[in-house]
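Down below is the structure, laid out as structure tokens.
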Protein chains: 2
Amino acid sequence: MSNNNLIKGSLQTIILKLLEENEKMYGYEITQRVKELTAGEIKITEGALYPALHKLEAEGLLSTEIQQVDNRVRKYYSLTKDGQKQVTSKMSELQGFVENLQRILTPDLKPGFNI
Amino acid sequence: MSNNNLIKGSLQTIILKLLEENEKMYGYEITQRVKELTAGEIKITEGALYPALHKLEAEGLLSTEIQQVDNRVRKYYSLTKDGQKQVTSKMSELQGFVENLQRILTPDLKPGFNI
DNA sequence: TCTTATACCTCAGATTCTTATGTATATAAT
DNA sequence: ATTATATACATAAGAATCTGAGGTATAAGA
């Protein structure tokens, strides 16, 4: 509820990874999934999510498909081929960063820590 | 060397934690320590570091002390009492965020993963 | 009827970074 | 003697990414 400023830079990876697991999702669904997975501790704001989705689409990593559900419009996003490739590299980039972070912040457990 | 955009938000915590372990450090020393701890994978740029140090000092978390070493000026930073308190909360905030990130990104290992 | 939930969107402002630039001394290389 | 690299500080323009507020619209529950 206030540590969300740490998200910067990892939101794209979160979106891509969720779409790798789910085939297709719409924006609102993504916010709810993240809230659910983190017990409400991380809340993706719409002001961050939608611009991020639009950017990923503009970069060719996501494709969209509009559906009508109960008179409501849903915009489904799914990974393109380029997007599928990017998931892997974005994930290892983020994992590598987290490992480096642990190396800096927990100097006691240097050799092999489990993630 | 390009995953540095993920640092956003965690630089303050890195600085505070290093100072908790080292009593006092100067800016250039911090950049070298981080480079050394991460095998050169994370490079703190001066444009990011110095403003961050100044901000932490302005917030009363760090105090400074200038020293002359070989006709060169060094500005040593150390934790104030407030700074010492903040290290703990910033650290648990960051650890909590990383845990939530793992919950989102690695849905396979939900129960108890080691960090 | 009003609030909450669902579902999309934009935009001003804040924060935090990168990259470039500037100053200055010391040392190693050419 | 000069140039490049290392040490050591700093600022500033611009980019990227977020927060928070606002807007539109439908559906369901109080």
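Letters go in sequence order (proteins before strands), and every chain restarts at 1. Scope of the values below: all heavy atoms of this structure, side chains included, with no hydrogens, waters or symmetry mates.
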A:Thr64 (side chain) donor-acceptor with A:Tyr77 (main chain) under 3.5 angstrom = no

Using the test ring pair (Phe, Tyr, Trp, His ring centres under 6.0 Å), find all partners of A:Tyr28 that sit at least two apart in sequence or belong to another chain.
-> none

Can you check whether A:Asn71 has a side-chain N or O nearer than 4.0 Å to OP1 or OP2 of D:dA25?
-> no

Taken in chain and number order and not counting sequence neighbours, the residues that satisfy side-chain hydrogen bond (donor to acceptor under 3.5 Å, both in side chains) with B:Glu29 are B:Arg33

Rounded distance (Å) that lies between atom C1' of D:dA10 and atom CD1 of B:Ile30 | 15 Å

With ILVMFWY side chains joined below 4.5 Å, transitively, what does B:Ile66's cluster contain besides itself?
-> B:Val73

For A:Leu11 and D:dT19, give me the distance from atom CG to atom P, rounded to whole Å.
-> 9 Å

In terms of the nearest nucleotide of DNA chain C, which residue is placed more toward the 5' end: A:Ala48 or A:Tyr76?
-> A:Tyr76

Separation of B:Leu53 atom CG from C:dT16 atom P, in whole Å?
-> 13 Å

Roughly how many Å is it from CG in B:Asp70 to P in D:dT7, rounded to a whole number?
-> 13 Å

Name all pairs fulfilling the salt bridge (Lys or Arg N to Asp or Glu O under 4.0 Å) condition that reach into residues 49-62 of chain B, sequence neighbours left out, sorted by first residue then second.
-> B:Lys55-B:Glu59

Take atom NE2 of A:His54 and atom C1' of C:dC9, then tell me their distance rounded to the nearest Å.
-> 7 Å

Tabulate atom names and distances for all N/O pairs under 3.5 angstrom spanning the protein and nucleotides 1-7 of chain C.
{"unit_1": "C:dT6", "atom_1": "OP2", "unit_2": "A:Tyr28", "atom_2": "OH", "d": "2.2"}
{"unit_1": "C:dT6", "atom_1": "O5'", "unit_2": "A:Tyr28", "atom_2": "OH", "d": "3.0"}
{"unit_1": "C:dT6", "atom_1": "O2", "unit_2": "A:Arg72", "atom_2": "NE", "d": "3.2"}
{"unit_1": "C:dA7", "atom_1": "OP1", "unit_2": "A:Arg74", "atom_2": "NE", "d": "2.8"}
{"unit_1": "C:dA7", "atom_1": "OP1", "unit_2": "A:Arg74", "atom_2": "NH2", "d": "2.7"}
{"unit_1": "C:dA7", "atom_1": "OP2", "unit_2": "A:Tyr26", "atom_2": "OH", "d": "2.7"}

Please figure out whether A:Gly47 or B:Tyr77 has its closest DNA chain D nucleotide nearer the 5' end.
-> B:Tyr77

Among residues two or more places apart or on two chains, list those pairs meeting salt bridge (Lys or Arg N to Asp or Glu O under 4.0 Å) that have a residue in residues 61-80 of chain B.
-> B:Lys24-B:Glu65

Is a salt bridge present between A:Lys17 and A:Glu20, judged by a nitrogen-to-oxygen distance below 4.0 Å?
-> yes

Please report, rounded to the nearest Å, how far the P atom of C:dT15 is from the CG atom of B:Leu56.
-> 14 Å

Specify the separation, in whole Å, of atom CD of B:Glu59 and atom C1' of C:dT16.
-> 13 Å

Phosphate OP1/OP2 of C:dT16 contacted by B:Lys55 side-chain N/O (<4.0 Å) | yes

Between P of C:dC17 and CD1 of B:Ile44, the distance in whole Å | 8 Å

